[in-house]
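I have placed the structure first, in the form of structure tokens, so that the comments after it can refer back to it.
Each ligand, and each atom within it, is numbered from 1 in the order the structure gives.
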Amino acid sequence: MTELTKLTLAEARDKLRAGDVTSVELTESFLKAIDDADALNAYVHKTPEIALERAKAADARIAEGDAPDMCGLPIGIKDLFCTKGVASQAASGILEGFKPEYESTVSQKLQDAGAVMLGKLNMDEFAMGSSNETSVYGNAVNPWRREDNDAALTPGGSSGGSAAAVAADLCLAATGTDTGGSIRQPAAFTGITGIKPTYGRCSRWGIVAFASSLDQAGPMTKDVRDAAIMLEAMCGHDAKDSTSSELAVPNFEAMLTGDIRGKKIGIPKEYRLDGVPAEIDKLWQDGIDMLKAAGAEIVDISLPHTKYALPAYYVIAPAEASSNLARYDGVRYGHRATLAAGDGITEMYEKTRAEGFGHEVQRRVMVGTYVLSAGFYDAYYNRARRVRTLIKQDFENVFAQGIDAILTPATPSAAFGLGEMSEADPIQMYLNDVFTVTVNLAGLPGVSVPTGLDSQGLPLGLQLIGRPWEEGDLLNTAYALEQAAGFVAKPGKWW
Ligand code: GLN
């Protein structure tokens, strides 16, 4: 029975359709695997009753015939998505006890398609972080370990629980969200696939807001085919999110031919950074060689404003976060501090926010408030917005030259040790996002594909960046890269 958890989403779908397995059987296997994996701290709220109920309904629907692709498939949902009647805390103390009255559009779409929610997945608090260490539940743990020592490693962040759960076979796939790299970086750290679609592809309604102009949901899966299947189910216009696109959602899976002959792949010279390990450069070169061998044309390109992306992101994202997080005031829901005699409303806000938010979130709220304040607005926020426009134009220029996709490393390193990066030096942590934030600032689709192992046996990923709204084409290039790389390694089970 345990073997069922090792299936891909597509394999499980095909088995369900053929009647070789039931959704209840699949779900029971995953529930058992999850209970055996508490050491990974991937799930922060388990929902076995809901899962079994939905699995039974899915089996009935499959028996009737013509069920959607996702029907009966057990998945995990990042804690950032509001799920009706089920704790949804964005891994924050300030949302203690919060059970939404409504379901996010994306998780509702998955539910409508018959997917089975196994539970809510760990993450960095309000999706701020790259290591899952800012979670109020404590960090999730990467199922991978270095060959020569068994120190616990980060699964990355912020979608660290999603990544750990998929890599450790604790769900067939999971939802993630990506504001600056939170799908792609943890995917790379755990040897799985993750795609952030074009801004506006997925509705943000019901997803706890971090930086609204950058946030996007996306799937985290065992391979590219699974990403195509799940992404299609998550996308589509939603009247409740005015930034969601009305464009039709294609059948992404049908676009996976693996034929990339004649495609132009850009290699941006500004992504060759000092201090990045030789192994990452080698991986990148291997990826270039693989795409070339598959018939793509490799073109050197320039994205001249790349070096300003990280500073611009760390102005814009905190600015938007400081505004979005103003709603957590202890009045309507979540945590409220115990007050002393004589405390008024101001003390209530102050004490509640001081107790309820972790340090990184407080830091972002303070930075964001500062860059938006009257005296500094032009110097910081407006300047960052102008830089953002230049970064977007860099990409538009190369796409206008006929570039179909851009290949870069996904991360500047393999997974690092938990506790290795000091909280006192946040810049060190922010550097994790150096290859991924440009994509969010420009609103483009980006996918991380596992393509190799480092000398310690840890997975490494490459990123492909696509033209806006062309996720199907991007996934097909990712599919060709996946086929060429032939990455099949799995973490050894120690938990
Ligand atoms: N690591 C980045 C940050 O801390 C990105 C997070 C995300 O994409 N949600 O802001």
Query - Verdict with reasoning, D178 to N440, per side-chain hydrogen bond (donor to acceptor under 3.5 Å, both in side chains) - result: CA-CA 8 Å; D178 190 314; N440 302 74; 3.0 Å; yes

Is [X] in contact with ligand 1, taking contact as a heavy-atom separation below 4.0 Å?
X    : value
R364 : yes
A317 : no
Y430 : no

Report task. Scan side-chain atoms only and decide if T243 and R204 contain a donor-acceptor pair under the 3.5 Å cut-off. Result -> yes

Return a yes/no value for [X]: is any of its N or O atoms, backbone included, closer than 3.5 angstrom to an N or O of ligand 1?
X    : value
A127 : yes
G157 : no
F210 : no

**Report entry** Check: Y137 ring centre within less than 6.0 Å of H45 ring centre
**Finding:** yes

**Report entry** Distance flag, aromatic centroids of F189 and W144, threshold under 6.0 Å
**Finding:** no

Query raised in the report: Can we say K307 and E270 salt-bridge, meaning some charged N sits less than 4.0 Å from an Asp/Glu carboxylate O?
Result: no

**Report entry** Closest protein heavy atom (residue, atom, distance) for atom 1 (N) of ligand 1
**Finding:** S130 OG, 2.8 Å

Query - Heavy-atom check, side chain of L407 versus side chain of L481, under 4.5 Å - result: yes

